A.B. asks: 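Below is one structure. I have some questions about it.
Just so it is clear, the model here is predicted, and its values are computed rather than measured.
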Amino acid sequence: MNGSDCDEMEEPTTNHVGNGYANGEDSDTIEFTDEEVLDPFCNPDRPVEVNFNDVSAAAYKIKGGIERTPCNLSQMSKQYDMKLYFKKDFLQYTGSFKERGARYTLLQLSQEQARKGVVAASAGNHALALSYHGQLLHIPVTVVMPIVAPMMKVEACRQYGANVVIYGKDFGETKQYAMLLSKKKDLLYINGFDHPHILAGQGTIGLEIIEQVPQVDACIIPIGGGGLIAGAAVALKNLKPSIKIIGVESERSTGFQAAMAAGKPVYSHVGQSLADGLAVPVVGVNALATARKLIDRIVTVTESSIALAILRLIEQEKAVVEGAGAAGLAAIIQGLVPELKGKTVVVTLCGGNIDTTALGRVIERGLAAEGRLIRFGVTVSDRPGGIAELTKKIADLGVSIKDILHERAWLKTDVFSVMVRCVVETRDLHHARQLEKVMRAHYEHVEFWLEQ
């Protein structure tokens, strides 16, 4: 994620821990103490297992307030030898599945709590969903967002009428501040991936999938904190027990697999990832209790596969999907689910709020992963015509030069040579290999860098 424009925020007068800002209504009255504020709805000693009746009740309550998003057969089906359907929940109004749980949780508030309002810690989609539906339902919403939250999402929450507080250099500090705020202002804290009502609301996506693709054999669902896969698995397994539920985690965030192995949520290191929506260091206690017996398998995808999945969705489905939303397709691209060949498979495209400043870089990363954007170096004669001859050979192959640079000072061969470094665009990996073969046939010193 890109950092927000913190220079526009005033320094608060409150006592803070860590590096953060507090910028929002009444933020200067919050004092930090050593007292830990616990979320009564997410008690590790008494986890809640969401059931099918909970999901059905949520579906009834949110009907009319949530988009019934399409689940279309993909033109990639032949490419991957399966009937591949995409459940396009990135087409919700705020761009993600989070609206399902947010709306249901807000609808379940008592009249008194609805009057007082709610608070949540989130860097993106949960904050957007709560802000939007809070505005529709006339419920005050406060969202605490870390200083690294994209300004696009911060401003969107404000546009939806939420009180936005910017605090914390990471999600841990952000959540701590939100929990203290909930206690101080008597606001209900809503965990974005573990509140029981959130899980039940997210589960409504499973009901829609069964209605839209009743012949489904398997469903591939990304895993962050676990709320989506927990709720969806309850609905899918109850309506069709034979269905296979396959979870997908990023290689930079494997908290759910760690929790499954330990039998309880445990801390798992989270690294920078294209799938920032999956970067949760400790998964939900209720999500784990609900999903652990329903998930058939969890696979781990690489950053390159996620980038390539985003690119494929843009080019072939005309769908702009964020890294977390594209993780399910990344598992297919990476060949992690060979048992699904010939099956009917639904992949949830659960979010589309990719940071626009990062989209160009992600596309280039995807092109590189597919062998369509490559770089190489060739030592050529520094006499007139040397570089012209090189560029002609490249052009004759139908390869497009994106960037070219020549180096003389660091070359260890004779002084009448120059190292030419090129970034070029090819049709595919096979085309790139053709280029490499021609370069090596005509030049003695060649360096090639290919993702695959």
A.B. asks: If you count every heavy atom of other residues, nucleotides or ligands that lies below 6.0 Å from Lys318 atom NZ, does the total exceed 12?
C.D. replies: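 Buried by this count: over 12 neighbours within 6.0 Å.
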A.B. asks: Would you confirm whether Arg252, through its side chain, and Gln272, through its main-chain N or O, come within 3.5 Å as a donor-acceptor pair?
C.D. replies: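 Between the backbone of Gln272 and the side chain of Arg252 there is a qualifying donor-acceptor contact (under 3.5 Å).
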A.B. asks: Using the ring of each side chain (for Trp, its six-membered ring), is Phe448 parallel, tilted or perpendicular to Phe376, with breaks at 30° and 60°?
C.D. replies: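 Rings of Phe448 and Phe376: parallel, under 30°.
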A.B. asks: Classify the side-chain pair Lys98/Gln202 by whether it contains a donor and acceptor separated by less than 3.5 Å.
C.D. replies: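 The criterion, which ignores hydrogens and geometry beyond distance, is not satisfied for Gln202 and Lys98.
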A.B. asks: So that I can tick it off, tell me whether Arg372 and Glu315 are bridged by a salt bridge, with the cut-off set at under 4.0 angstrom between side-chain N and carboxylate O.
C.D. replies: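 A salt bridge is present here (some side-chain N lies under 4.0 Å from a carboxylate O).
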A.B. asks: Using a strict cut-off of less than 4.0 Å between a Lys/Arg side-chain nitrogen and an Asp/Glu carboxylate oxygen, indicate whether Arg312 and Glu317 qualify as a salt bridge.
C.D. replies: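 A salt bridge is absent here (no side-chain N lies under 4.0 Å from a carboxylate O).
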A.B. asks: Ignoring hydrogens and angles, state whether a donor on the side chain of Thr69 or Gln92 is under 3.5 Å from an acceptor on the partner side chain.
C.D. replies: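 No, Gln92 and Thr69 have no side-chain donor paired with an acceptor closer than 3.5 Å.
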A.B. asks: How about Glu447: does its CD atom have over 12 heavy atoms from other parts shown lying under 6.0 Å from it?
C.D. replies: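 Yes.
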A.B. asks: Spell out, as yes or no, whether a donor-acceptor pair under 3.5 Å connects the side chain of Asn238 to the backbone of Phe52.
C.D. replies: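 Not a single qualifying donor-acceptor pair exists.
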A.B. asks: Quick test of your reading of the model: are Arg100 and Asp89 salt-bridged, counting only N-O distances below 4.0 Å?
C.D. replies: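 Looking at Arg100 and Asp89, the cut-off is met.
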A.B. asks: So which atom in Leu274 and which in Glu303 form the shortest heavy-atom distance, rounded to 0.1 Å?
C.D. replies: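 Smallest interatomic distance, heavy atoms only, reads N-OE1, 2.8 Å.
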A.B. asks: Is it the case that the side chains of Asn191 and Asp39 hold a donor-acceptor pair, with the cut-off being a distance below 3.5 Å and no angle test?
C.D. replies: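 No.
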A.B. asks: Could you walk me through whether Ile190 and Leu130 pass the side-chain contact (heavy atoms from CB on, under 4.5 Å) test, one step at a time?
C.D. replies: CA-CA 9 Å; Ile190 301 178; Leu130 269 183; 4.0 Å; yes
A.B. asks: Answer with yes or no whether the side chains of Glu425 and Ser400 bring together a donor and an acceptor at under 3.5 Å.
C.D. replies: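 Per modelled atom types, Ser400 and Glu425 side chains form no pair under 3.5 Å.
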A.B. asks: In terms of heavy-atom contacts, does NZ of Lys341 have more than 12 from other residues, nucleotides or ligands at under 6.0 Å?
C.D. replies: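 Enclosed.
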A.B. asks: Just by modelled atom types, is the Gln113 backbone N or O under 3.5 Å from a matching donor or acceptor in the Ser110 side chain?
C.D. replies: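 Yes: the side chain of Ser110 pairs with the backbone of Gln113.
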A.B. asks: State whether the side chain of Asn286 and the backbone N or O of Pro47 hold a donor-acceptor pair below 3.5 Å, judged by distance alone.
C.D. replies: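 Here the side-chain-to-backbone pair does not exist.
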A.B. asks: Do side-chain atoms of Glu322 reach the backbone of Gly352 as a donor and acceptor pair under 3.5 angstrom?
C.D. replies: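 The answer is yes, because a donor-acceptor pair under 3.5 Å joins these two groups.
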A.B. asks: Is a donor on one side and an acceptor on the other found under 3.5 Å between the side chain of Thr254 and the backbone of Glu251?
C.D. replies: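 No; zero donor-acceptor contacts below 3.5 Å.
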A.B. asks: In this structure, are over 12 heavy atoms from other groups packed under 6.0 Å from Lys343 atom NZ?
C.D. replies: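 Not more than 12 within 6.0 Å, no.
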A.B. asks: Using a strict threshold of under 4.0 Å (side-chain N to carboxylate O), is an ion pair present between Lys244 and Glu339?
C.D. replies: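 Result for this pair is no, no salt bridge flagged.
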A.B. asks: Has Thr348 got a side-chain atom pairing as donor or acceptor with Cys350's backbone, closer than 3.5 angstrom?
C.D. replies: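 Not at all, since once roles are kept as given, no pair shorter than 3.5 Å links the two residues.
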A.B. asks: Is it true that, when you exclude Tyr443 itself, more than 12 heavy atoms of the residues, nucleotides or ligands shown sit nearer than 6.0 Å to its OH?
C.D. replies: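 Enclosed: over 12 neighbouring heavy atoms sit under 6.0 Å from OH of Tyr443.
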A.B. asks: Thinking salt bridges, do Glu364 and Arg361 make one under a 4.0 Å N-O criterion?
C.D. replies: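 No, Glu364 and Arg361 are not salt-bridged.
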A.B. asks: Tell me if the NZ atom of Lys83 is crowded by more than 12 foreign heavy atoms within 6.0 Å.
C.D. replies: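 No, the 6.0 Å shell around NZ holds no more than 12 heavy atoms from other groups.
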A.B. asks: Go through Glu99 and Asn125 one step at a time and tell me if the side chain to side chain donor-acceptor pair (under 3.5 Å) criterion holds.
C.D. replies: CA-CA 8 Å; Glu99 287 190 34; Asn125 290 341; over 6 Å; no
A.B. asks: Would you say the side-chain atoms of Ser182 pair up with the backbone N or O of Leu188, donor to acceptor, closer than 3.5 Å?
C.D. replies: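 Such a contact is absent between Ser182 side chain and Leu188 backbone.
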A.B. asks: Evaluate the salt bridge (Lys or Arg N to Asp or Glu O under 4.0 Å) criterion for residues Glu211 and Arg68: first the C-alpha distance (whole Å), next the side-chain angles of each, then the deciding distance (0.1 Å), finally the verdict.
C.D. replies: CA-CA 11 Å; Glu211 290 175 6; Arg68 189 177 188 272; 2.8 Å; yes
A.B. asks: I'd like to know if the side chain of Ser77 reaches the main chain of Leu84, judged simply by a donor and an acceptor atom lying under 3.5 Å from each other, with no hydrogens or angles considered.
C.D. replies: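 Between the backbone of Leu84 and the side chain of Ser77 there is a qualifying donor-acceptor contact (under 3.5 Å).
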A.B. asks: Between Thr426 (side chain only) and Gly371 (backbone N and O only), is there a donor and an acceptor less than 3.5 Å apart?
C.D. replies: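 It does hold such a pair.
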A.B. asks: If only side-chain N and O atoms count, and only distance matters, is there a donor-acceptor pair under 3.5 Å linking Gln215 with Thr344?
C.D. replies: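 Result is no, nothing qualifies.
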